[in-house]
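Each remark here refers to the structure printed beneath this line.
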Amino acid sequence: MMREAFYSAVRGTANVAWKGFQWANRKVPARSFQPAWSPEPLPKSHERSKPPLGFPRRTDSLCPVCTREVRDAIVKGQEDLRALIDGHPGEIPADIVQRGNEIWMVKTCPKHGLFEDLMSSDAAFFKRLEENFFGRDVKLGKDKLHEHGSSSMRYGRGAVLTIDLTNRCNMMCNPCFMDANQVGYVHELAWDDVKQILDNAVSIKPKRQVSVQFSGGEPTLSPHFLEAIRYSKEIGYFAAQCASNGVRFAQEPEFAKAAAAAGLRLVYLQFDGVGNEHNQHRGVSNLYDVKLRALENLKAAGVDVTLVITIVNTVNNGQVGDIIRFAIRNIDKINALSFQPVSFTGRDEEVDDETRLRQRYTLSHLAADVKTQAGLGEPMRDWFPLSASGAFSDLRDLLGGLEAEWGSLKCGCHPNCGIATMVLVHEKTGDAVPITQLLDVDQLLRDFTVVTDAARGRFLTILQAALAVARNIRPAGVPRNLGVLETLKIMDGHTGKSMGIAKAGRYPWRVLLVAGMWFQDLFNYDFRRTEMCIIPYGTQLGEISFCAYNTGAGWRQIIEEMHQTATLADWYRDKGRHPIYSGGKSVPLPTYRPRPVLPEELPQAAKANVGMALPAFGTASGK
């Protein structure tokens, strides 16, 4: 009772001080704020534009059949690429409507008829996400990297630049975004291509911090993998990461150490379930053992891991709870979970309607399964759209000052794209506490927008932010072994110590981000989401939205066909074959265990405990 009374008093005092500050802010007009990295003044909250939200609403989508026909014609040379840039092939209107407690996308093609798909199994949850969207980021300046017609990105800078180093892979997964090993040719970037893409991406405005994710195929098969990581760090990328199935990291401990030494900060590790029996759909008999060994080797090398789980309804949706418990048990190795509801593209693009509707899994399904299977969180309290983290990014932008060379990493995606909740996990006891149990995050996010709108100096900004946190304490939710100040230190340390509160990068309580990233397919495609993409692909034809590249118009197939390195037959003749594990094969693993790296042997980033600005998302290789 005394503890609760103390926090009630803190909250009440902070609330009085907060109201006094806001009275003063209303008397003194807020200043305009245009840092060096932005092409225009950063918009105030009331100036930010928003896409049409709510339901029913109309948006622009694609006919799944027309789109494939146009793409195939371009690939075969029967249609010019300019048709995608100058025209609107396959585009049709779509309505987002409520049916009972569900949200559906409904669209009709004059030629191919009606298409319907489930957007959310919970209308109230869908509404909550859209109500916690605070507006788009600054407009993306016009440049030659973003000229892709209706598929062009138009807002923000993105958070994770993804570069596919190769379409070769050492597995034959289903599902797979890129249909790896099946297209009849190799598309593998030469070093000059990699360097050009990396250089181009840091040359444009807004010049926000961007993580770069090397993907594939399986990126560790590229001969340029280590050099690409090293170069990206040299020219200023916030973090270098890769999306991997983990096979090479499991087989070669020294390769994991070499990657860490080059600057690899994070691995997005494909992981579909706990136990080999829950990974059989990937075609490798001991795939879970591979993941365990990869986790072991990456920890020994000082590299963080985000588990990336493709969720397919009726296949592995029952694994949500077990995967969360696995992450809590291994919080010393895992910093985040990224659940990705299946996108019917690549090998699955021509799925039949019955299978698609049976296997469709939405973000609302995920929030419900986390509660029912893991006993963690409340969907209507604890989950937010990924873009809600923008309130923290805007605060970091203000604290960075006018002369900052880079803006903060910002996830400004559409509220239908992704969701997240944050949990504090004690590495020794396994106790798990949602952040929202301690703080009223809904109101805190809104308070932070008030702070950034005021645009005061650094000291007053930090003071107001501290008052905002204090006045949003939930006194009854603060556990005995975790105080609010300690929570602030943990959060500040995890996100790079920008507030100056944390003395260390990590504490016994660790942050576990649990997120869902729902990539589009042709059945639920929405151009309003594409234009706000936070995961652009860096390609030989510029930067393209993740969904426009992998689904949508299908820029992946077009670009890889245009810039293919060799036919498979020619590649095998000149380069030889690499091992492919499929059809129930097991991956051979070494029998020894790696020696943990001593602190003095760690790369500089790991020694400094450099945090990740959260959230940042990509996709694991092999999906």
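No side-chain donor-acceptor contact under 3.5 Å links N276 and S285. For the 3.5 Å distance criterion, the side chains of S215 and Q213 fail to qualify, holding no donor opposite an acceptor. For the residue pair Q209 / K410, no side-chain donor-acceptor distance below 3.5 Å is found, with atom types taken as modelled. Remark: the Q196 side chain and the N200 side chain contain an N/O donor-acceptor pair separated by less than 3.5 Å. With no hydrogens or angles considered, no side-chain donor-acceptor pair links Q270 and S244 at under 3.5 Å. D521 and T345 share no donor-acceptor pair across their side chains, judged by distance under 3.5 Å alone.
Taking the side chain as every heavy atom from C-beta outward, V433 and L438 approach each other to under 4.5 Å. Using a 4.5 Å cut-off on side-chain heavy atoms (C-beta onward), L512 and I331 make contact. By the 4.5 Å heavy-atom criterion applied to side chains, Y507 and L424 are not counted as neighbours. A 4.5 Å side-chain heavy-atom check between V511 and M422 finds at least one atom pair inside the cut-off. Residues L307 and S338 fail the side-chain proximity criterion, which asks for heavy atoms closer than 4.5 Å. With a 4.5 Å cut-off on side-chain heavy atoms, Q319 and Q373 do not count as touching. Looking at L409 and V210, their side chains never come closer than 4.5 Å, going by heavy atoms from C-beta outward. Side-chain contact check for T310 versus R282: some heavy-atom pair is nearer than 4.5 Å.
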Given salt bridge (Lys or Arg N to Asp or Glu O under 4.0 Å), test D322 with R325 step by step and report yes or no. CA-CA 5 Å; D322 285 345; R325 284 184 284 273; 2.9 Å; yes
Show the numbers, then the answer: is there a salt bridge (Lys or Arg N to Asp or Glu O under 4.0 Å) between E543 and R157? CA-CA 10 Å; E543 293 183 8; R157 177 61 195 97; 2.9 Å; yes
Salt bridge (Lys or Arg N to Asp or Glu O under 4.0 Å) between K575 and D570, worked out: CA-CA 8 Å; K575 307 281 189 178; D570 289 344; over 6 Å; no
Under the side-chain contact (heavy atoms from CB on, under 4.5 Å) criterion, do I419 and W518 qualify, and how do the steps go? CA-CA 9 Å; I419 60 175; W518 192 17; over 6 Å; no
Decide yes or no on side-chain contact (heavy atoms from CB on, under 4.5 Å) for L295 and L269, but give the supporting numbers first. CA-CA 9 Å; L295 283 168; L269 182 65; 4.1 Å; yes
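The two residues N316 and I309 come nearest to each other via the heavy atoms ND2-CG2, 4.1 Å. Closest of all the heavy-atom pairs between A432 and I328 is CB-CD1, 4.0 Å. What you find for A159 and C411 is that their closest heavy atoms are CB-SG, 4.0 Å. Nearest heavy atoms, I235 versus W406: O-CZ2, 4.2 Å. Scanning both residues, V247 and N245, for their nearest heavy atoms gives N-OD1, 3.0 Å. For the residue pair V312 and V342, the shortest heavy atom distance occurs at CG2-CB, 3.9 Å.
The backbone N or O of S408 lies less than 3.5 Å from a partner atom in the side chain of D397, making a donor-acceptor pair. With hydrogens and angles ignored, the 3.5 Å screen pairs a side-chain donor or acceptor of S389 with a backbone N or O of L386. Using a distance-only test at 3.5 Å, with no hydrogens or angles considered, no donor-acceptor pair links the side chain of Q359 to the main chain of V315. The backbone N or O of L366 sits nowhere less than 3.5 Å from a side-chain atom of D369 that would complete a donor-acceptor pair. A donor-acceptor contact shorter than 3.5 Å links the side chain of N297 to the backbone of F249. Proximity of a side-chain donor or acceptor of H578 to a complementary backbone N or O of C169 within less than 3.5 Å is detected. Here the side chain of S343 pairs a donor or acceptor atom with the backbone of Q520 at under 3.5 angstrom. A donor-acceptor distance shorter than 3.5 angstrom exists from the side chain of D193 to the backbone of A190, with no hydrogens or angles considered. Using a distance-only test at 3.5 Å, with no hydrogens or angles considered, no donor-acceptor pair links the side chain of T355 to the main chain of V351. In this structure a side-chain-to-backbone donor-acceptor pair under 3.5 Å is missing from H563 to E560.
Listed by chain and number, the residues in a ring-ring contact (aromatic ring centres under 6.0 Å, His included) with F326 are F271 (sequence neighbours excluded).
Here the CD1 atom belonging to I544 is positioned 10.0 Å from the CZ atom belonging to R556, to the nearest 0.5 angstrom. Separation of atoms NE2 (H278) and NE2 (H281) is listed at 10.5 Å; rounding is to 0.5 Å. Of the inter-residue distances, the one linking T421 atom OG1 with L376 atom CG reads 7.0 Å to the nearest 0.5 angstrom. Here the CG-NE2 distance, from L165 to H224, works out to 8.5 Å after rounding to the nearest 0.5 Å. Note: K333 NZ to D304 CG = 12.5 Å, rounded to the nearest 0.5 Å. Here the CD1-CG distance, from I535 to N550, works out to 10.0 Å after rounding to the nearest 0.5 Å.
Residue L337 is tested with I324, V320, V308, V423 for a side chain to side chain contact (heavy atoms under 4.5 Å, CB included); the sole match is I324.
For the pair D199 and K195, the salt-bridge criterion is met [side-chain N within less than 4.0 Å of a carboxylate O]. Salt-bridge annotation for E188 and R168: present, with a side-chain N of the basic residue lying under 4.0 Å from a carboxylate O of the acidic one.
Note on ring orientation: taking the six-membered ring where Trp is involved, the planes of F225 and F214 are perpendicular (angle over 60°, cut-offs 30° and 60°). Below 30°, between 30° and 60°, or above 60°: for Y537 and F546 the angle between ring planes is between 30° and 60°, a tilted geometry.
Remark: R577 qualifies as a cation-pi partner of Y572 under the 6.0 Å distance and 45° angle criteria applied to the six-membered ring.
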